[in-house]
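Quick note on labels: first sequence line is chain A, next is B, and so on, each numbered from 1.
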Amino acid sequence: MKPNPHYQAIISSPIGLLGIIMEEGILHSIDFMPDNTAPQATVDNATAQVVSQLQHYFRQAGWMFSLPMLPVGTPFQQAVWQQLQQIPAGEVRTYGEIAKILGSGPRAVGNACRKNPIPVVIPCHRVVASSGPGGYAGQTQGPNMTIKSWLLAHEGVII
DNA sequence: TTAGGTAGTCTCG
DNA sequence: CGAGACTACCTAA
């Protein structure tokens with residue numbers, strides 16, 4: 001739980017409200033906001049870039065993000081998140097496949113995905129289990145899994 | 001379908 | 001620090 005996070009923008013999207021946190025003009029994290037949150041105007045240019053690219057993505061699933069990002073985490077988490085960014089839109093990998101590349105284990109990869117601070121842009125939704133959909137934003141069922149399914153369907157992946 | 005194995009992180013003490 | 005618990009898992013039987 002982050003105490004009083006300060007959002008540079010809160011935008012509405014097909015998967016609900018997204019809260020955007022910047023640090024020094026660099027994308028730091030994206031939060032899924034409750035429905036009753038009030039949208040909040042963009043305050044600066046760098047944030048406008050993030051908003052614009054997100055809107056591109058929701059319009060056209062194949063959009064490739066190009067943004068300065070600073071996702072903070074352990075070295076292992078960074079390595080996993082780097083692998084995620086190399087999965088093209090419309091494709092998926094399994095936790096085991098990522099683990100093999102990094103010489104680690106599937107559960108460890110799942111742990112790292114769960115900690116991804118920048119969902120959507122860092123596409124943790126493109127990682128699934130060998131048999132089943134896996135989880136999303138800390139849930140294996142519930143509203144976040146609905147978001148994961150939506151994102152994959154948006155990219156043309158049959159679940 | 002389940003039991004056992006696995007890697008990384010977190011939480012106590 | 002160290003032991004033990006907790007995962008968005010996987011494989012063999």
Contacts satisfying side-chain hydrogen bond (donor to acceptor under 3.5 Å, both in side chains) that involve residues 99-108 of chain A (not counting sequence neighbours) are none

Got a sec, which pairs hit ring-ring contact (aromatic ring centres under 6.0 Å, His included) with one end in residues 139-159 of chain A, sequence neighbours left out? A/Y57-A/H154, A/W150-A/H154

Going by the ring-ring contact (aromatic ring centres under 6.0 Å, His included) test, which pairs reach into residues 86-113 of chain A, not counting sequence neighbours?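 Residue pairs with at least one partner in residues 86-113 of chain A: there are none.
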
Could you give the distance from [atom1] ([X]) to [atom2] ([Y]), rounded to the nearest 0.5 Å?
X: A/I20; Y: A/M33; atom1: CD1; atom2: CE; answer: 10.5 Å
X: A/I122; Y: A/I87; atom1: CD1; atom2: CD1; answer: 11.5 Å
X: A/S12; Y: A/I10; atom1: OG; atom2: CD1; answer: 11.5 Å

Sidechain-backbone polar pair: [X] side chain, [Y] backbone, donor-acceptor under 3.5 Å:
X: A/N144; Y: A/A137; value: yes
X: A/K115; Y: A/G73; value: no
X: A/Q8; Y: A/T42; value: no
X: A/Q83; Y: A/I101; value: no
X: A/S52; Y: A/A48; value: no

Dot-bracket for DNA chain B, 5' to 3', Watson-Crick and G-U pairs with both distances under 3.5 Å, [ ] for crossing pairs, | for partner on another strand, reads |||||.|||||||

Between [range] and DNA chain B, which residues have a heavy-atom gap below 4.0 Å?
range: residues 111-133 of chain A; result: A/N111, A/K115
range: residues 76-100 of chain A; result: A/F76, A/Q77
range: residues 134-152 of chain A; result: none

With sequence neighbours excluded, give me every salt bridge (Lys or Arg N to Asp or Glu O under 4.0 Å) pair touching residues 123-140 of chain A. A/R126-A/E155

Can you list every salt bridge (Lys or Arg N to Asp or Glu O under 4.0 Å) pair that touches residues 84-99 of chain A, not counting sequence neighbours? A/E91-A/R93

How would you give the extent of chain A contacts on DNA chain C, as first and last nucleotide 5' to 3' within a 4.0 Å heavy-atom cut-off? C/dT7 to C/dC10

Is there a donor in the side chain of A/Q86 and an acceptor in the side chain of A/Q82, or the other way round, less than 3.5 Å apart? no

Looking at A/Q78, I'd like to know if its CD atom is crowded, meaning that more than 12 non-hydrogen atoms belonging to other residues, nucleotides or ligands lie closer than 6.0 Å.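 Result for CD/A/Q78: enclosed.
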
Test of understanding: with side-chain hydrogen bond (donor to acceptor under 3.5 Å, both in side chains), list the residues that count as partners of A/T47, not counting sequence neighbours. A/D44

All N/O contacts under 3.5 Å from nucleotides 1-5 of chain B to the protein, with atom names and distances to one decimal?
| residue | atom | partner | partner atom | Å |
| --- | --- | --- | --- | --- |
| B/dG5 | O6 | A/R107 | NH1 | 3.3 |

